[in-house]
A.B. asks: 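Take a look at the following structure, please.
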Amino acid sequence: MLEMLPYPSGALHMGHVRNYSIGDALARYMWMNGYNVLHPMGWDSFGLPAENAAIKNNTPPKEWTLSNIAAMKVQMKRLGFAYDWSREVTTCLPDYYRWNQWFFLKLYQSGLAYRKNSKVNWCPKCATVLANEQVVGGMCWRHEDTPVEQRELEQWFLRITKYADELLRDLEKLQGWPEKVRIMQQNWIGRSEGTLVDFDLGGTVGPAGSTITVFTTRVDTIYGATSVQLAPEHPIVTDLIARNAELRAQVEQLIAEQRRAKEAGDIGNIEKHGVFTGRYAKNPYNGEAVPVWVANYILMDYGTGAIMSVPAHDERDYEFAQKYKLEIRLVILPASTDPEETMTAPPLPFTPTDGILVNSGEFSGLGCEEAIARMSAMAEEKNFGKATVTFRIKDWGISRQRYWGTPIPMVYCEKDGVVPLAEKDLPVLLPDNVPITLAGGSPLASVPSFLNTTCPKCGGPARRETDTMDTFVDSSWYFYRYADAHNSGAPFDTATIAYWFPIDQYIGGVEHAILHLIYSRFWTKFMRDMGLVKNDEPVTRLFTQGMVIKDGAKMSKNLGNVVSPDDMVARYGADATRLYSLFAAPPDRDLDWQESGIEGIQRFLGRLYRFYLRNRQVRNSPQADNVPPTELSSEARSLQRKLHQTIKRVSHDFQGRWHFNTCIAAIMELVNEIYSAEEAIAGGRVPPSLILDVQRNIALLLAPMAPYLAHELWEMAGETGNLLKASWPKHDPALAAEDEIEIPVQVNGKLRGLVVVPAAASEDEIKQAGLADEKVKAAIAAKQIVKVIVVPKKLVNIVVR
RNA sequence: GCGAAAGUGGCGGAAUUGGCAGACGCACCAGACUUAGGAUCUGGCGGGUAAAACCGUGGGGGUUCGAGUCCCCCCUUUCGCACCA
């Protein structure tokens, strides 16, 4: 049972309290059901806020982070979450991050970590690089108002794309994950099957034989291609503008437009512009030379950065062709059972894939799908293209120009170039007393004692890599460490992992649907391939809880609507705080925090407590003197029935849908029932053994959700053993059963009366009782009964005319 | 634009399979206890009516003896994706 570990910002917020209250309730429930539950906690403790705090308060990141951890641990303990602290994982400590470095070396050896000069996302506020996943709508994921810039930098990348296909395919296996998260990952991976086709530029531009390779998912429409469109940053364009000043100016404008749109996050709405290069490229299928354009709606980082433009069968191409009066050539007709329709030209652009090819040489008459297969095969045969698969997901850039992260264990030697450290030289320790600025550039580069080292290969002078790792590296495998937290010879022991993994249940916010959860899946697959783990996936079941809302908005410091857990605990107690976070909404939905709501919970707990206080003497009653149900007073029998019904309802919700709000409501109903039986209890009409039974069971039912009070009540009921080791109660169906039930009687579907019948009444008896009801009689007087519907135990409906 | 989820009293939310809509809690009203009540206990509480009738689950149609629940169309909100070739 695992909840996502927090970033140690200094204080828990209500979102954490909710997340951990859900997880703790489930862990405790599982313990009471006899399972061996591993329920750990840790700290995702590298990252930028520690550096910001260092600047602001002049406190070293390490000090700030460790004191935050200490403070938050106190908060967690106060809330009563049952974690195994002996397995605590703190990612910023060397005994953890050394294994990040170890993994990095393994990745490097496997060719999965590599260095590349590339255009990267740069957040000026963070003064560091961001992974693609950390760019949200053109903005930094941490600074919603800061546009991400593009910079050219040399960076370390992890080859997550090697697993792109498997990451996509295995989503199928994750049936215990929310559909929504699977779809988000599927979109992120963005697999697309298509064809690469070379358009020959030979004789028209550049050196003879040079080609433009386009990527298309609709090669079947290629006879309708009337131009080729290049991304403004395409290498061929770069080459062309080097020799054409006029074109250069125009292309630069396109680039600027594209960049602006990207930064504004509305690249989807960019006004399509283009410029003709004056060159032509040859369509290898029909030998036709089509004009080559540069257009701002073509992105260099998708596919090949070049497309064939088929205006008749693509919306974007259609729009573009209309604007520039390019030829629009129809090559697909609708395939319809109606021959008339098949012959008529469809409204343009016509994009379905179930049409029939026309004007397409030898391929005319084929259906689209078959045409795609045959045309791809032909391209490969004749060596001008091939079927291919592209992905939207890119390799994971992990270099960060920051101090507070895992040092990357590589050195640069003048003689030997890039050299990995040996495993025995790990960990590369993060030095203390490093001046932190947000000036940009890696802070570690300013620390000579860190920077200057010797080459592991030749022993000559070398300098260390000064970038640190993205913190998502830390969280990609932290949960494995819980299972073997003190292993100093390996990240963990494989056999131990095989016992605990995959994680049965992981709980956290949906905001990690892509970043953390896709990196973790990648990391697991890599570890499996190196033989370190046996599972293909880290997490069998994932649950994403809703946000905590106040006054209609997500709690945030900016809006000033945060509720402090410490305040709540001080005013209402830990149990009430936890219980309210479970009661106010089902866990998958957003929760609206209302101060008056938690007061109601506190009242309920008080009511419950007073019942135990008033009836302390029952603890001495012999449990064995059970009175047969038939000999109980009606008040006692009602109470007994309600008790067993409550056990049934609470157990059911714990096993199924985790609607703790209705669990708590059920226990409240039971307490209300107790209060209505108060007089009977005082009058001695409820046997002490039954009262004691009620007391013991309520303590058990409440134990997962309100542990402090539950333990106290458990003792008040005369028990001394550990409540978590007591078994979860079972209801007795016979005792839960009603003797009599109320049956609504409808006439033509409208409620007209209520009759009380024995629970075991036959259909006919129910029907007769319904027909005999005075109100019903009145409603059907002078009407003809067409039929009578009797649903056993549910209702009677009399249809009259 | 595409995809998903949601829409129920004054509020948070119940109604697990088509079967008494509004459990439970909050707020509110009344009463009891009390010097006092922001404590506690009891009762009331969708709209409407003197009481009924009747009307009520975003709107409009439909299926059914019966629809919050199933089907069709539409509206609103939230989230995700968005020239992905």
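Letters A, B, ... mirror the listed sequences (proteins, then strands); counts begin at 1.
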A.B. asks: Quick one: A/Glu595 CD to B/rG25 C1', roughly how many Å, whole number?
C.D. replies: 15 Å

A.B. asks: OP1 or OP2 of B/rG66 versus the side-chain N and O atoms of A/Arg752: is any pair under 4.0 Å?
C.D. replies: no

A.B. asks: A/Phe583 side chain: which of B/rA85, B/rA14, B/rG25 is closest?
C.D. replies: B/rG25

A.B. asks: Distance check, C1' atoms only: B/rU77 and B/rC84, in whole angstrom units.
C.D. replies: 28 Å

A.B. asks: Whole angstrom is fine here: how far is it from CE in A/Met184 over to P in B/rA4?
C.D. replies: 15 Å

A.B. asks: Please report the distance separating the C1' of B/rG25 from the corresponding atom of B/rA32, rounded so that it comes out in whole Å.
C.D. replies: 23 Å

A.B. asks: In whole Å, measure the gap between the P atoms of B/rC24 and B/rC33 for me.
C.D. replies: 27 Å

A.B. asks: Does a side-chain N or O from A/Lys180 land closer than 4.0 Å to OP1 or OP2 of B/rC81, or not?
C.D. replies: no

A.B. asks: In Watson-Crick or G-U wobble terms, both distances under 3.5 Å, what is the partner of B/rA4?
C.D. replies: B/rU78

A.B. asks: Which base, if any, makes a Watson-Crick or G-U wobble pair with B/rG31, both distances under 3.5 Å?
C.D. replies: B/rC41

A.B. asks: Both A/Ile298 and A/Leu754 contact RNA chain B. Taking the nearest nucleotide for each, which residue is further toward the 5' end?
C.D. replies: A/Leu754

A.B. asks: Ignoring backbone atoms, establish whether A/Arg603 has a side-chain N or O less than 4.0 Å from OP1 or OP2 of B/rC26.
C.D. replies: yes

A.B. asks: Indicate, with a heavy-atom threshold strictly under 4.0 Å, whether A/Val799 touches base, sugar-phosphate, or nothing.
C.D. replies: sugar-phosphate

A.B. asks: What contact category does A/Glu319 fall into here, base, sugar-phosphate, or nothing, at under 4.0 angstrom with non-hydrogen atoms?
C.D. replies: nothing

A.B. asks: What is the nucleic acid contact for A/Asp653, judged by heavy atoms within less than 4.0 Å: base, sugar-phosphate only, or nothing?
C.D. replies: nothing

A.B. asks: Can you tell me if A/Thr226 uses its side chain to pair, donor with acceptor, with the backbone of A/Glu327 under 3.5 Å?
C.D. replies: yes

A.B. asks: Write down the distance between CG (A/Leu795) and C1' (B/rA67), rounded to a whole number of angstrom.
C.D. replies: 13 Å

A.B. asks: Examine the side chains of A/Asn672 and A/Arg607 and answer whether a donor and an acceptor come within less than 3.5 Å of each other.
C.D. replies: yes

A.B. asks: Which residue in the set A/Leu670, A/Asn697, A/Ile664, A/Leu701 passes side chain to side chain contact (heavy atoms under 4.5 Å, CB included) when paired with A/Val650?
C.D. replies: A/Leu701

A.B. asks: Do any N or O atoms from the side chain of A/Glu679 and from the backbone of A/Ser676 form a donor-acceptor pair under 3.5 angstrom?
C.D. replies: no

A.B. asks: Under the 3.5 Å rule, do the base of B/rC81 and the side chain of A/Asn187 count as making a donor-acceptor pair?
C.D. replies: no

A.B. asks: Provide the Watson-Crick or G-U wobble partner of B/rG19, both distances under 3.5 Å; none if there is no partner.
C.D. replies: B/rC65

A.B. asks: Give A/Lys272 one of three labels, base, sugar-phosphate or nothing, depending on what nucleic acid heavy atoms sit under 4.0 Å from its own.
C.D. replies: base

A.B. asks: Taking NZ from A/Lys394 and C1' from B/rC84, how many angstroms apart are they, rounded to a whole number?
C.D. replies: 9 Å

A.B. asks: Which listed nucleotide (B/rU16, B/rG13, B/rC41) is nearest to the side chain of A/Arg607?
C.D. replies: B/rC41

A.B. asks: If we take the P atom in both B/rU57 and B/rC11, what is their distance in whole Å?
C.D. replies: 15 Å

A.B. asks: Can you say whether a donor on the side chain of A/His659 sits under 3.5 Å from an acceptor on the base of B/rU16, or the other way round?
C.D. replies: no

A.B. asks: Reading RNA chain B from 5' onward, which residue's closest nucleotide shows up sooner: A/Ala584 or A/Asn748?
C.D. replies: A/Ala584

A.B. asks: Check whether any side-chain heavy atom of A/Val219 sits under 4.5 Å from a side-chain heavy atom of A/Tyr285, and report yes or no.
C.D. replies: yes

A.B. asks: Whom does B/rA50 pair with, Watson-Crick or G-U wobble, provided both distances fall under 3.5 Å?
C.D. replies: none

A.B. asks: Taking A/Arg218 for its side chain and A/Thr351 for its backbone only, find out whether a donor-acceptor pair lies under 3.5 Å.
C.D. replies: yes

A.B. asks: Report yes if at least one side-chain N or O of A/Arg589 is closer than 4.0 Å to OP1 or OP2 of B/rA5; otherwise report no.
C.D. replies: no

A.B. asks: Determine: side-chain N/O of A/Arg610 to OP1/OP2 of B/rC41, distance under 4.0 Å, yes or no.
C.D. replies: yes

A.B. asks: Using a heavy-atom cut-off of under 4.0 Å over every strand shown, decide if A/Asn797 touches base, sugar-phosphate, or nothing.
C.D. replies: base

A.B. asks: Using atom C1' in both nucleotides, what's the gap between B/rC71 and B/rC26 to the nearest angstrom?
C.D. replies: 37 Å

A.B. asks: If the P atom of B/rU16 is compared with that of B/rA21, how far apart are they to the nearest Å?
C.D. replies: 14 Å

A.B. asks: Find out whether A/His731 and A/Pro733 are in side-chain contact, i.e. whether some heavy atom of one side chain is under 4.5 Å from a heavy atom of the other.
C.D. replies: yes

A.B. asks: Pick the C1' atom in B/rG48 and in B/rU42, then give their distance to the nearest Å.
C.D. replies: 28 Å

A.B. asks: Would you say B/rA14 has OP1 or OP2 under 4.0 Å from some side-chain N or O of A/Arg649?
C.D. replies: no

A.B. asks: For A/Arg218 and B/rC84, give me the distance from atom CZ to atom P, rounded to whole Å.
C.D. replies: 14 Å

A.B. asks: Show me the donor-acceptor pairs within less than 3.5 Å that the side chains of residues 575-592 of chain A make with the rest of the protein, sequence neighbours left out.
C.D. replies:
| unit_1 | atom_1 | unit_2 | atom_2 | d |
| --- | --- | --- | --- | --- |
| A/Asp575 | OD1 | A/Tyr708 | N | 3.2 |
| A/Asp575 | OD2 | A/Tyr708 | N | 3.4 |
| A/Asp575 | OD2 | A/Leu709 | N | 2.6 |
| A/Thr577 | OG1 | A/Gly573 | O | 2.8 |
| A/Arg578 | NH1 | A/Asp24 | OD2 | 3.2 |
| A/Arg578 | NH1 | A/Leu79 | O | 2.9 |
| A/Arg578 | NH1 | A/Gly80 | O | 3.0 |
| A/Arg578 | NH2 | A/Asp24 | OD2 | 2.7 |
| A/Tyr580 | OH | A/Asp592 | O | 3.4 |
| A/Tyr580 | OH | A/Gln594 | N | 3.2 |
| A/Ser581 | OG | A/Arg578 | O | 2.9 |
| A/Asp590 | OD1 | A/Met547 | N | 2.8 |
| A/Asp592 | OD2 | A/Gln594 | NE2 | 3.1 |

A.B. asks: Decide yes or no for A/Arg521 and A/Leu171: does some side-chain heavy atom of the first lie under 4.5 Å from some side-chain heavy atom of the second?
C.D. replies: yes

A.B. asks: As a test of reading the structure: which of B/rA85, B/rC83, B/rG19 is closest to the side chain of A/Asn296, going by heavy atoms?
C.D. replies: B/rC83

A.B. asks: When the distance from CD of A/Gln655 to P of B/rU16 is rounded to whole Å, what number comes out?
C.D. replies: 18 Å

A.B. asks: Let's test your reading of the model: under 3.5 Å, does the base of B/rC20 pair with the side chain of A/Lys794 as donor and acceptor?
C.D. replies: no

A.B. asks: Can you tell me if A/Ser192 touches the phosphate of B/rA85, counting only side-chain N or O atoms and a distance under 4.0 Å to OP1 or OP2?
C.D. replies: yes

A.B. asks: Run through A/Lys180, A/Gln186, A/Arg182 and flag the one making a side chain to side chain contact (heavy atoms under 4.5 Å, CB included) with A/Met184.
C.D. replies: A/Lys180

A.B. asks: OG of A/Ser376 to NZ of A/Lys386: how many Å apart, nearest 0.5 Å?
C.D. replies: 11.5 Å

A.B. asks: Whole angstrom is fine here: how far is it from CG in A/Leu751 over to P in B/rA52?
C.D. replies: 14 Å

A.B. asks: In residues 666-683 of chain A, which residues come under 4.0 Å of RNA chain B by heavy atom?
C.D. replies: A/Met668, A/Glu669, A/Asn672, A/Tyr675

A.B. asks: Take the protein atom CD of A/Gln545 and the nucleotide atom P of B/rC79, then report the distance between them rounded to whole Å.
C.D. replies: 17 Å

A.B. asks: Taking atom P in both B/rG19 and B/rA67, what distance in whole Å separates the two?
C.D. replies: 11 Å

A.B. asks: Does B/rC24 pair with anything, Watson-Crick or G-U wobble, both distances under 3.5 Å, and if so, with which nucleotide?
C.D. replies: B/rG12

A.B. asks: Could you classify B/rG43 for me, syn or anti, using a glycosidic angle within 90° of 0 as syn?
C.D. replies: anti

